[in-house]
Amino acid sequence: MKIQELRKLLSASDKERLEKAFAECYKQLRKGQKEEIDPVIVDILEGRAIDKKKTESTVSFEELEQQIEGFIENAYAQNYFAPNRVIAKSQRPKWRFMVKNYIKELERVPFESEYYPRAVKLLSDIYHLICAACNYYLFSTEDPFRSIGWEQSNLFELLVKMTFASGYTRVNIAQLLLDATGGGLSRESLHIEQELVLLGGLKTSDVKLMAIEEAKKLIEGKTEKLMEKGMHSNQKYYLEEAVNELCGMVLLISIRLGEPEEGINYYFKYTRMLNREITLYCALDLINIIENDDLWIKVYEYGVKKRIKPRDCLKDRYEILKKEKESKI
């Protein structure tokens, strides 16, 4: 209901109904909210002037933090999905509105605030939760990102922006690399979308070099795990996928640095594809996404020199691009 509609209803109601409606609304407030709004209510009812800035209802950060942490704990416990006595059945579908509000409140925390680092951490925790809900039933939905009204890449972009606002560190770059290349996916998203968002957030050459170094450390760690015996097939699959995505980030960042050769060599050496032709296909697909036809031709020819036999669709595209390039000469 809009405020104009509410005022119209209020003007047409008698005193008894107004008191009843006000009391019911007041009951819906949490204890902390009541304590915050009480002085304002008293001032209005006693006819005292109010400072508009002081009347703006903002939940204290500590209370917001407790709410979010409690919500996340209950979500992972499936209390918003499975029958339980913690979250009432009627309240479970409201999780999406809670998340929307949490994100909005965290986004409003100013960079200068002492709470800003904690706000970034909470946003990261929410993002991880929604990603997890894409893989496991934590809520009654097939696509939790759509349910909260956010495209995955857009929410990740907000996380990248808020994270880097306080500076670039190896820790936060490494974490964002993991977030971009792994985790659950919305039905409408691919890892490359988050990877391109992160790539855009790496503003300087120094930061890009730092990201390459951190990506290589992560690849090394995951490759070592792959060497361990007794690994389950699912675990091996996800580790190999993570290595491949991280290698893709190394390639993309190297291209943005203007040093594609190093990235290409690294990609072909460390990816865990089924065979070299698939490696070539995936490398060319990445290059195609960033629309660099000259580099696409160069990598195709690199693969051929390595005695890789490209599939027909790659051969056809190569011929088209070569003809286009020759016509421009």
Side-chain angles (χ1 to χ4, degrees), residues 151-154 156-157 160 173 176-177 180-182 185-216 218-220 222-223 240-329:
E151 290 184 11
Q152 184 168 359
S153 59
N154 290 342
F156 184 66
E157 185 175 13
V160 170
I173 288 175
L176 288 173
L177 280 166
T181 59
L185 287 171
S186 163
R187 287 191 166 193
E188 301 171 348
S189 184
L190 297 170
H191 286 306
I192 185 61
E193 295 175 32
Q194 283 67 255
E195 291 163 9
L196 291 174
V197 167
L198 179 54
L199 183 64
L202 305 172
K203 301 297 185 182
T204 68
S205 296
D206 288 345
V207 170
K208 289 183 176 72
L209 288 170
M210 192 187 301
I212 287 178
E213 291 170 2
E214 292 306 309
K216 288 181 177 180
L218 293 169
I219 291 167
E220 183 180 349
K222 293 181 183 298
T223 301
E240 287 179 339
E241 284 296 297
V243 168
N244 292 339
E245 295 293 341
L246 286 164
C247 285
M249 279 300 297
V250 171
L251 175 56
L252 289 172
I253 299 169
S254 298
I255 293 171
R256 284 291 171 86
L257 277 170
E259 301 173 355
E261 291 81 7
E262 183 178 345
I264 292 164
N265 290 331
Y266 188 90
Y267 188 86
F268 274 84
K269 183 176 181 179
Y270 289 100
T271 49
R272 311 278 301 188
M273 306 295 181
L274 289 175
N275 58 58
R276 294 196 303 162
E277 196 280 333
I278 294 177
T279 301
L280 174 62
Y281 177 85
C282 291
L284 292 173
D285 189 47
L286 284 173
I287 295 166
N288 189 50
I289 289 170
I290 59 175
E291 300 179 348
N292 190 325
D293 291 345
D294 288 340
L295 182 60
W296 198 98
I297 293 171
K298 185 175 182 179
V299 173
Y300 179 94
E301 293 173 346
Y302 171 91
V304 172
K305 287 180 181 178
K306 293 280 187 180
R307 297 184 179 180
I308 298 173
K309 295 182 178 180
R311 63 192 70 183
D312 290 342
C313 64
L314 296 181
K315 293 177 183 178
D316 293 342
R317 178 165 174 75
Y318 174 74
E319 293 300 327
I320 292 170
L321 292 178
K322 283 289 286 185
K323 287 179 181 178
E324 289 178 353
K325 186 176 181 180
E326 290 169 359
S327 68
K328 293 177 183 178
I329 298 175

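Note that the structure is predicted; figures quoted are calculated from it, not measured. Below, all heavy atoms of this structure are taken into account, side chains as well, without hydrogens, waters or symmetry copies.
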Exercise. So, do Met249 and Ile253 sit near enough that their side-chain heavy atoms are less than 4.5 Å apart?
Worked result: yes
For this session: Give the minimum heavy-atom separation between Ser254 and Gly263, together with the two atoms involved.
Result: OG-CA, 3.5 Å
Problem set entry | Charged tip of Arg311 within 45° of Tyr281 ring normal and under 6.0 Å | yes
Problem set entry | Ion pair check, Arg317 and Asp312, cut-off under 4.0 Å | no
For this session: Kindly indicate whether the side chain of Asn244, heavy atoms from C-beta on, has any atom under 4.5 Å from the side chain of Arg272.
Result: yes
Exercise. Quick one: does Asn288's side chain have a donor or acceptor within less than 3.5 Å of a partner on Leu284's backbone?
Worked result: no
For this session: To the nearest 0.5 Å, tell me how far Thr181 OG1 sits from Leu246 CG.
Result: 4.0 Å
For this session: Taking Lys208 for its side chain and Leu202 for its backbone only, find out whether a donor-acceptor pair lies under 3.5 Å.
Result: yes
Exercise. What is the minimum heavy-atom distance between Leu177 and Ala215, and which atoms define it?
Worked result: CD1-N, 3.6 Å
For this session: Dump the intermediate steps for side chain to side chain contact (heavy atoms under 4.5 Å, CB included) on Leu252 and Ile289, then the final yes or no.
Result: CA-CA 10 Å; Leu252 289 172; Ile289 289 170; over 6 Å; no
Exercise. Between Thr223 and Glu220, is any pair of side-chain heavy atoms under 4.5 Å apart?
Worked result: no
Exercise. With a 4.5 Å heavy-atom cut-off, do Leu190 and Glu193 have their side chains touching?
Worked result: yes
Exercise. Do the side chains of Lys216 and Ile212 get nearer than 4.5 Å, heavy atoms only?
Worked result: yes
Seminar exercise, completed: When rounded to the nearest 0.5 Å, the distance separating CG of Asp294 from CG of Asn292 is 6.0 Å
Exercise. Are any non-hydrogen side-chain atoms of Leu321 and Glu324 less than 4.5 angstrom apart?
Worked result: yes
Exercise. If we only count heavy atoms from C-beta on, is the Ile219 to Tyr266 side-chain gap below 4.5 Å?
Worked result: yes
Seminar exercise, completed: Rounding to 0.5 Å, atoms CD (Glu245) and OG1 (Thr271) come to a distance of 11.5 Å
Exercise. Is it the case that more than 12 heavy atoms not belonging to Glu262 sit under 6.0 Å from its CD atom?
Worked result: no
Problem set entry | Modelled atom types, side-chain donor and acceptor of Glu261 and Tyr302, under 3.5 Å | no
Exercise. Is there a donor-acceptor pair under 3.5 Å between the side chain of Trp296 and the backbone N or O of Ile287?
Worked result: no
Exercise. Atom NE2 of His191 and atom CZ of Phe156: how far apart are they, to the nearest 0.5 Å?
Worked result: 11.0 Å
Problem set entry | Gln194 and Ser189 side chains, donor-acceptor separation under 3.5 Å | yes
Problem set entry | Exercise: identify the closest heavy-atom pair between Ala180 and Leu198 | CB-CD2, 4.1 Å
Exercise. In Å, rounded to the nearest 0.5 Å, how long is the span from CG of Asp293 to NZ of Lys298?
Worked result: 14.5 Å
Exercise. Looking at Phe268, is Lys306 sitting on its ring face, NZ or CZ under 6.0 Å from the six-membered ring centre and within 45 degrees of the normal?
Worked result: no
For this session: Mind checking the CG-NZ spacing from Leu218 to Lys222? Nearest 0.5 Å is all I need.
Result: 6.5 Å
Problem set entry | Short N-O contact, Lys322 and Glu301, less than 4.0 angstrom | yes
Exercise. Checking side chain to side chain contact (heavy atoms under 4.5 Å, CB included) for the pair Leu196/Ile290: CA distance, chi angles, key distance, verdict?
Worked result: CA-CA 9 Å; Leu196 291 174; Ile290 59 175; 4.2 Å; yes
For this session: Could you tell me whether Lys325 and Glu319 have a side-chain N and a carboxylate O separated by less than 4.0 Å?
Result: no
Exercise. So Ile173 and Met210, side chain to side chain contact (heavy atoms under 4.5 Å, CB included) or not? Walk me through it.
Worked result: CA-CA 8 Å; Ile173 288 175; Met210 192 187 301; 3.5 Å; yes
Exercise. Of the non-hydrogen atoms in Lys315 and Pro310, which two are nearest, and what is the gap between them?
Worked result: CE-O, 3.1 Å
Exercise. Applying the side chain to side chain contact (heavy atoms under 4.5 Å, CB included) test to Val299, which of Leu280, Leu286, Leu251 qualifies?
Worked result: Leu280
Problem set entry | Audit row: Glu188, Gln152, side chain to side chain contact (heavy atoms under 4.5 Å, CB included) steps and yes/no | CA-CA 8 Å; Glu188 301 171 348; Gln152 184 168 359; over 6 Å; no
